[in-house]
Trainee: 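Starting off with a structure, shown below.
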Amino acid sequence: MVCIVCGNTQTAGIASWHATCPACHYESAALSVAINKHTGPEVNEAEREAGLKALRLENFRAIVQYAKRHVRPGARSLLDVGSAHGWFLETAREDFDVLGVEPDAVVGSRAAARGLPVRAGFFPDVLEDGERFDVIVFNDVIEHIPDIRSALDACQQRLNPDGILILNLPNSRGFFYRLSKVIARLGWRTPFERLWQKDLPSPHVHYFSSDNLSKLVAGRGFELVDSAELPALRAKGLRERLSCAGNVPLLSLWAQYIAIMCAIPVLRIFPSDIIVCIFRKKTAG
């Protein structure tokens, strides 16, 4: 398989479905994406929300500040691709005119029922002809999209001049991800598979660092203007986050929970498992 970032040949990874590029260290997975198709273990949305909301809201507030810092004066329109429960829309709407796009009809309808502007469907198909934005945001979404280059091209077309693209996603240099690979090589693959969201309806199909992500996005007509790490976990909601997929063995769940809780106090000295990268649309010519 050819690396989508640098064009080199990827080599076999830790599992039969996993591959890595020895040149730029981009990682990919041959896992099936099945939005709105309930295959694999059922996801407990109540536990998922309890496990993720506190962490996501904290990070979303930081992302809104990055957006405000880098948009051109007077810019207001913001598109949230994969808006899910609408938490980012709620966070950003005090500073921007927001619109969400969500392919999961059930999740999107719940957000819309709270009065949030959400369109059901896929980006960019549900946008109107000529509809443009000052900011496009992907929060924990871009790593799920198989044809990521087409998605980036659509962002180029749908951003206003000097528009901002914000990608918030897992970090392949993160402490927990690198630890999961060490453990997987020793024979315990559950944490590694969990981080790829294997067997869930929408698994990860990419794992990037800020370096190889920037190289890929720059090749589609953008320039990196800022990047940072964001907190990857909080003690509050951690158990629910680990157990939201219903088939997690109880012993494995508690082993992961205890290990992570013990590690939290020292995690700040290691790279975080979440990065945010901010890109500006290049001016043609």
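The model shown is predicted, which means the values in this text are computed figures rather than measured ones.
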Trainee: With side-chain hydrogen bond (donor to acceptor under 3.5 Å, both in side chains) as the test, would you mind laying out the steps for His144 and Ser202 before giving the verdict?
Mentor: CA-CA 7 Å; His144 297 272; Ser202 182; 3.3 Å; yes
Trainee: Under 3.5 Å, side chain of His204 to main-chain N/O of Leu195, donor-acceptor pair present?
Mentor: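 Present.
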Trainee: Between Val217 and Leu152, is a side chain to side chain contact (heavy atoms under 4.5 Å, CB included) present by the stated rule, with each step listed?
Mentor: CA-CA 7 Å; Val217 179; Leu152 294 172; 4.1 Å; yes
Trainee: Hydrophobic clusters here meaning ILVMFWY residues chained together by side-chain heavy-atom distances under 4.5 Å, can you tell me if Ile166 and Leu57 are in one?
Mentor: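 Same hydrophobic cluster.
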Trainee: Could you check whether the rings of His85 and Trp87 sit parallel, tilted or perpendicular, using 30° and 60° as the cut-offs?
Mentor: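 Parallel, since the angle between the ring planes stays under 30°.
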Trainee: For Leu230 and Ile63, run side chain to side chain contact (heavy atoms under 4.5 Å, CB included): C-alpha distance rounded to whole Å, both residues' side-chain angles, the deciding distance at 0.1 Å, then the answer.
Mentor: CA-CA 9 Å; Leu230 298 174; Ile63 291 169; 4.1 Å; yes
Trainee: Just so I know, are the side chains of Arg280 and Asp162 near enough to count as touching, which here means a heavy-atom distance under 4.5 Å?
Mentor: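 With C-beta onward as the side chain, the pair touches.
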Trainee: CG of Leu213 to CD of Glu143: how many Å apart, nearest 0.5 Å?
Mentor: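 It comes to 10.0 Å.
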Trainee: Evaluate the criterion salt bridge (Lys or Arg N to Asp or Glu O under 4.0 Å) for residue pair Asp140 and Arg56; output intermediate values, then yes/no.
Mentor: CA-CA 10 Å; Asp140 297 291; Arg56 291 279 174 89; 3.3 Å; yes
Trainee: Considering non-hydrogen atoms only, spot the tightest contact between Val2 and Gly7 and give its length.
Mentor: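 In this case the closest contact between Val2 and Gly7 is CG1-O, 3.5 Å.
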Trainee: Contact between Cys6 and Cys21 at the side-chain level, heavy atoms closer than 4.5 Å - yes or no?
Mentor: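 Yes, side chains in contact.
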Trainee: Could you tell me whether the side chain of Glu131 and the main chain of Glu128 form a donor-acceptor pair under 3.5 Å?
Mentor: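 Yes, Glu131 side chain to Glu128 backbone: donor-acceptor pair under 3.5 Å.
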Trainee: State the CG-CD distance between Leu31 and Glu193, to the nearest 0.5 angstrom.
Mentor: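 Output value for this atom pair is 9.0 Å.
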Trainee: Dump the intermediate steps for salt bridge (Lys or Arg N to Asp or Glu O under 4.0 Å) on Glu223 and Lys281, then the final yes or no.
Mentor: CA-CA 7 Å; Glu223 60 180 345; Lys281 178 180 176 178; over 6 Å; no
Trainee: Do Ile14 and Met1 share a hydrophobic cluster, counting only Ile, Leu, Val, Met, Phe, Trp and Tyr and linking them when any side-chain heavy atoms are less than 4.5 Å apart?
Mentor: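 Hydrophobic grouping puts Ile14 apart from Met1.
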Trainee: The test is side-chain hydrogen bond (donor to acceptor under 3.5 Å, both in side chains); show your working for Ser77 and Asp97 and say whether it passes.
Mentor: CA-CA 5 Å; Ser77 57; Asp97 301 323; over 6 Å; no
Trainee: Are the side chain of Arg132 and the backbone N or O of Gln157 linked by a donor-acceptor pair below 3.5 Å?
Mentor: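 Looks like yes, one N/O pair under 3.5 Å.
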Trainee: Find the distance between CZ (Arg220) and NZ (Lys215) and round it off to the nearest 0.5 Å.
Mentor: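 Taking CZ in Arg220 and NZ in Lys215, the distance rounds to 13.5 Å.
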Trainee: Could you grab the distance from atom CD of Gln10 to atom SG of Cys3, nearest 0.5 Å is fine?
Mentor: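 Spacing of CD (Gln10) from SG (Cys3) equals 5.5 Å.
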Trainee: Please say yes or no: joined through hydrophobic side-chain contacts below 4.5 Å, possibly via intermediate residues, are Val182 and Phe270 part of one cluster?
Mentor: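 Different clusters.
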Trainee: Walk me through it: do Asp273 and Asn171 pass the test side-chain hydrogen bond (donor to acceptor under 3.5 Å, both in side chains)?
Mentor: CA-CA 5 Å; Asp273 280 69; Asn171 179 16; over 6 Å; no
Trainee: To the nearest 0.5 Å, what is the distance between SG (Cys277) and CZ (Phe222)?
Mentor: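 Interatomic distance, Cys277 SG to Phe222 CZ, rounded to 0.5 Å: 13.0 Å.
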Trainee: Could you tell me whether the side chain of Leu99 reaches within less than 4.5 Å of the side chain of Leu78, counting heavy atoms only?
Mentor: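 Not in contact.
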Trainee: Could you check whether any side-chain heavy atom of Phe279 comes within less than 4.5 Å of a side-chain heavy atom of Leu167, counting everything from C-beta outward?
Mentor: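 Yes - at least one pair of side-chain heavy atoms lies under 4.5 Å apart.
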Trainee: Keeping the roles fixed (side chain from Glu229, backbone from Ser272), state whether a donor-acceptor pair exists under 3.5 Å.
Mentor: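 Here the side-chain-to-backbone pair exists.
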Trainee: Can you tell if the side chain of Phe192 reaches within under 4.5 Å of the side chain of Lys181, non-hydrogen atoms only?
Mentor: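 A side-chain contact under 4.5 Å exists here.
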Trainee: A side-chain contact here means heavy atoms from C-beta on lying under 4.5 Å apart; do Ile148 and Ile4 qualify?
Mentor: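 In short, these two side chains touch, coming nearer than 4.5 Å.
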Trainee: Hey, any chance Val225 and Phe96 share a hydrophobic cluster, counting ILVMFWY side chains that come within less than 4.5 Å of each other, even indirectly?
Mentor: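 Result: yes, single cluster for both.
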Trainee: Say whether, by atom type as modelled, one donor and one acceptor occur between the side chain of Arg158 and the main chain of Ile136 under 3.5 angstrom.
Mentor: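 No, the answer is negative, given that no donor and acceptor are paired below the 3.5 Å cut-off.
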Trainee: Indicate the atoms forming the closest heavy-atom contact of Pro22 with Thr9, along with that distance.
Mentor: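 Heavy atoms of Pro22 and Thr9 come nearest at CD-O, 3.5 Å.
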Trainee: Looking at every non-hydrogen atom in both residues, tell me the closest pair between Arg119 and Leu127 and how far apart they are.
Mentor: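 In this case the closest contact between Arg119 and Leu127 is NH1-CA, 3.7 Å.
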Trainee: How long is the straight-line distance from NE2 of His206 back to CG of Leu216, given to the nearest 0.5 Å?
Mentor: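 Between Leu216 CG and His206 NE2, I get 8.5 Å after rounding to 0.5 Å.
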Trainee: For a side chain to side chain contact (heavy atoms under 4.5 Å, CB included) check, start with the C-alpha distance between Arg173 and Asp211, then their side-chain angles and the critical distance, and finish with the verdict.
Mentor: CA-CA 10 Å; Arg173 293 179 178 172; Asp211 290 340; 3.0 Å; yes
Trainee: Verify the distance criterion only: is there a donor paired with an acceptor across the side chains of Asn212 and His25 at less than 3.5 Å?
Mentor: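 There is no such pair between these side chains.
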Trainee: Tell me if a side-chain donor or acceptor on Asp104 pairs with a main-chain N or O of Val107 at a distance below 3.5 Å.
Mentor: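 Answer holds: yes.
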Trainee: Keeping the roles fixed (side chain from Asp134, backbone from Gly163), state whether a donor-acceptor pair exists under 3.5 Å.
Mentor: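 No, Asp134 side chain to Gly163 backbone: no donor-acceptor pair under 3.5 Å.
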Trainee: Can you list every pair that meets side chain to side chain donor-acceptor pair (under 3.5 Å) and has a residue in residues 12-23, with sequence neighbours left out?
Mentor: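 Applying side chain to side chain donor-acceptor pair (under 3.5 Å) to every pair that reaches into residues 12-23, excluding sequence neighbours, yields His18-Glu27.
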Trainee: With a 4.5 Å limit on heavy-atom distance, are the side chains of Leu165 and Phe138 in contact?
Mentor: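 Yes. Closest side-chain heavy atoms under 4.5 Å.
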Trainee: Run the side chain to side chain contact (heavy atoms under 4.5 Å, CB included) check on Val137 and Val81 step by step: do they pass?
Mentor: CA-CA 6 Å; Val137 182; Val81 180; over 6 Å; no
Trainee: Is the shortest side-chain heavy-atom distance between Phe208 and Val5 below 4.5 Å?
Mentor: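 The answer is yes; the side chains approach within 4.5 Å.
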Trainee: Please step through side-chain hydrogen bond (donor to acceptor under 3.5 Å, both in side chains) for the pair Asp80 and Ser83, ending with a clear verdict.
Mentor: CA-CA 5 Å; Asp80 182 17; Ser83 53; 4.8 Å; no
Trainee: Using 30° and 60° as the class limits, which term best fits the ring planes of Tyr207 and Tyr177: parallel, tilted or perpendicular?
Mentor: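 If you compare the ring of Tyr207 with that of Tyr177, the planes turn out parallel.
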